[in-house]
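Both counts, for ligands and for their atoms, begin at 1 and track the order of listing.
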Amino acid sequence: MNKPSSGSPAKPELKPDTTLATAGRNPFAHHGYVNPPVYRAATITYPTVEDYLAQRGPYAYGRVHTPTSEALEQAIQALEGPACAGVALLPSGLAAIATALLAVLKTGDRLLVSDSCYGPAREFCDTVLARWGVTTTYYDPLIGAGIGALMQPNTRAIYTEAPGSLTFEMQDIPAIAAAAHARGALVLMDNTWAGPLNFRALDRGVDLSIQSGSKYVGGHCDLMLGTISANVAAYARLRETVLATGQCAGPDDMNLALRGLRTLGVRLARHFQSGLQVARWLAARPEVLRVLHPALPGDPGHAIWQRDFSGGCGLFGVVFEPAPEKAVHAFLDALTLFGIGASWGGYESLAIPYDATAVRTATRWSPGGPCIRLHVGLEDTADLIGDLERGFAALAAAR
Ligand SMILES: *Cc1c(COP(=O)(O)O)cnc(C)c1O
């Protein structure tokens, strides 16, 4: 992890696509080669005892940082903008969630978590955090500024995710952040769906912004990585926690993530465009009750999305008109271009069935029919729509 810094205020900020192509690169530190090499490193050696005792040199130990981790941290920090004081790289998105929570909480604290959060985040709160004496209260994701009424003197942190996993409910992040800060709490956000390209969370009051780098940053379903971007208020505690718990990401995963970042802008824009095209087509189908996608004008979260986000990605939910489970499974099994599998953010399309009603504890979520989640990849949308037509034919046949 790098020493804290407040971005590079001296230089004019570049546009995101330019940042993606330039950040974290220094060819002339590597014989002119365009990309930094992959440093696989544990031990650092020193020419003399004196150098060792003084820990002379830019690097200390492979776990702490290498030119590879530094390049990726710098690139992500540049994308987050001047509000970002530093970035931590973790071995997975879930590790990033757990580490960010550990960084801000202690025994006796209260934590508020959105009822629509990523399932394994809830699991971490209900098991490990509970064991360490942190009380988690789940709240209505649509609560907005009303979150203030749930806060107690020992409410230390508010955990958010927008749009929420599976239900795609939007959250009013600036309103929640204002209420949190007025009462001395920090705000964490899982920003995997939009990422800093489409929602600069730290500019909207988030103190610790988390991404699963395994999704679009990697973009090819071949790595595990998590990132935490912190503002000045949160960075010192984040750095202390990451270093004390010995967290680091693998050199090859970091290198693949750095490669993924170079094309993130064009990939994400295409995923978003294609996803919207497929979502609109689905919304017009008689078998579909509604599509859960905040960028669609009819979506309950659309106004917030339009106000706060500059884009999105290829992930959304579809609620079918009531149909037997076997018909929904026949729909999914008939798809040939959509793989059946969780995770997302790679170049390929995916589909899964889900039930997001049982996990809710603060609010009821009643979709009105069976749900599937689609990830629209980089395939041609005409082919994807053809595939979904085959699915609907199978659904009709299985009723
Ligand atoms: C996948 C995912 C994570 C976890 O990331 P991993 O890298 O798989 O550990 C966290 N949040 C969201 C919203 C996700 O979809």
Side-chain angles (χ1 to χ4, degrees), residues 72 76 87-102 113-128 138 141 159-171 173 187-199 201 206 208-229 242 245 247-250 252-254 256-257 260-261 264 268 271-272 275 292-294 301 305 309 312-317 339 341-352 354 356 359 371-377:
L72 182 56
I76 292 171
V87 171
L89 301 172
L90 290 301
S92 72
L94 183 56
I97 292 169
T99 304
L101 286 166
L102 288 176
V113 174
S114 168
D115 214 15
S116 61
C117 76
Y118 177 65
R122 183 185 279 264
E123 193 74 19
F124 177 73
C125 297
D126 293 346
T127 56
V128 177
Y138 294 93
Y159 185 89
T160 64
E161 183 184 335
S165 278
L166 301 179
T167 62
F168 298 90
E169 292 154 286
M170 282 299 289
Q171 293 203 260
I173 302 292
V187 178
L188 293 79
M189 179 184 185
D190 184 333
N191 193 26
T192 303
W193 191 85
L197 281 182
N198 290 313
F199 182 65
V206 171
L208 289 162
S209 180
I210 299 152
Q211 285 188 92
S212 165
S214 323
K215 309 290 165 54
Y216 288 111
V217 173
H220 296 72
C221 299
D222 53 3
L223 66 91
M224 297 299 301
L225 186 81
T227 73
I228 309 171
S229 305
V242 170
T245 53
Q247 306 254 29
C248 56
D252 290 299
D253 286 348
M254 292 189 288
L256 285 170
L261 271 185
L264 180 63
L268 210 48
H271 281 288
F272 181 50
L292 311 172
H293 193 319
W305 176 82
F309 285 42
C313 68
L315 190 80
F316 59 91
S343 198
W344 45 282
Y347 53 83
E348 88 294 14
S349 291
L350 293 167
I352 46 164
Y354 70 86
V359 294
C371 299
I372 63 166
R373 188 183 73 180
L374 293 183
H375 176 251
V376 170

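Of the possible donor and acceptor atoms, one in the side chain of H271 sits under 3.5 Å from a partner among the backbone N and O of V376. Between the S349 side chain and the G377 main chain, a donor and an acceptor come within less than 3.5 Å of each other.
The nearest pair of heavy atoms linking P141 to E169 is CG-OE2, 3.6 Å. S212 approaches T192 most closely through the heavy-atom pair N-OG1, 3.0 Å.
If you take CD1 on I228 and CD on Q211, they are separated by 11.0 Å, rounding to the nearest 0.5 Å.
Note: an N/O pair closer than 3.5 Å links G93 and ligand 1 by distance alone. Close N/O approach between E161 and ligand 1 is not found [any backbone or side-chain N/O within under 3.5 Å]. For ligand 1, the polar-atom distance check finds no N/O of Y118 at less than 3.5 Å from any of the ligand's N/O atoms. Taking any N or O of S165, backbone or side chain, none lies under 3.5 Å from an N or O belonging to ligand 1. The shortest N or O to N or O distance between L94 and ligand 1 is under 3.5 Å.
Under the 30°/60° scheme for interplanar angles, the aromatic rings of F272 and W193 are found to stand perpendicular. Relative orientation of the W344 and H375 rings is tilted, given thresholds of 30° and 60° on the angle between their planes.
Contacts with ligand 1 closer than 4.0 Å are made by no heavy atom of W193, backbone or side chain.
The protein heavy atom nearest to atom 5 (O) of ligand 1 is S212 OG, 3.0 Å. In this structure, the protein non-hydrogen atom closest to atom 7 (O) of ligand 1 is S214 OG, 2.6 Å. For atom 8 (O) of ligand 1, the nearest non-hydrogen atom of the protein is M224 CE, 3.6 Å. For atom 15 (O) of ligand 1, the closest heavy atom belonging to the protein is K215 NZ, 2.7 Å. Looking at atom 11 (N) of ligand 1, its nearest protein heavy atom turns out to be D190 OD2, 2.5 Å.
Every atom of ligand 1 with a heavy atom of W344 under 4.0 Å away is listed here by number and element: 15 (O). Near I97, with a cut-off below 4.0 Å to any heavy atom, the atoms of ligand 1 are 10 (C).
A side-chain contact (heavy atoms from CB on, under 4.5 Å) with T160 holds for exactly one of I173, D190, N191; it is I173.
Between I210 and ligand 1 there is no heavy-atom distance shorter than 4.0 Å.
Annotation for Y354: atom OH counts as buried by contact number, over 12 foreign heavy atoms lying within 6.0 Å.
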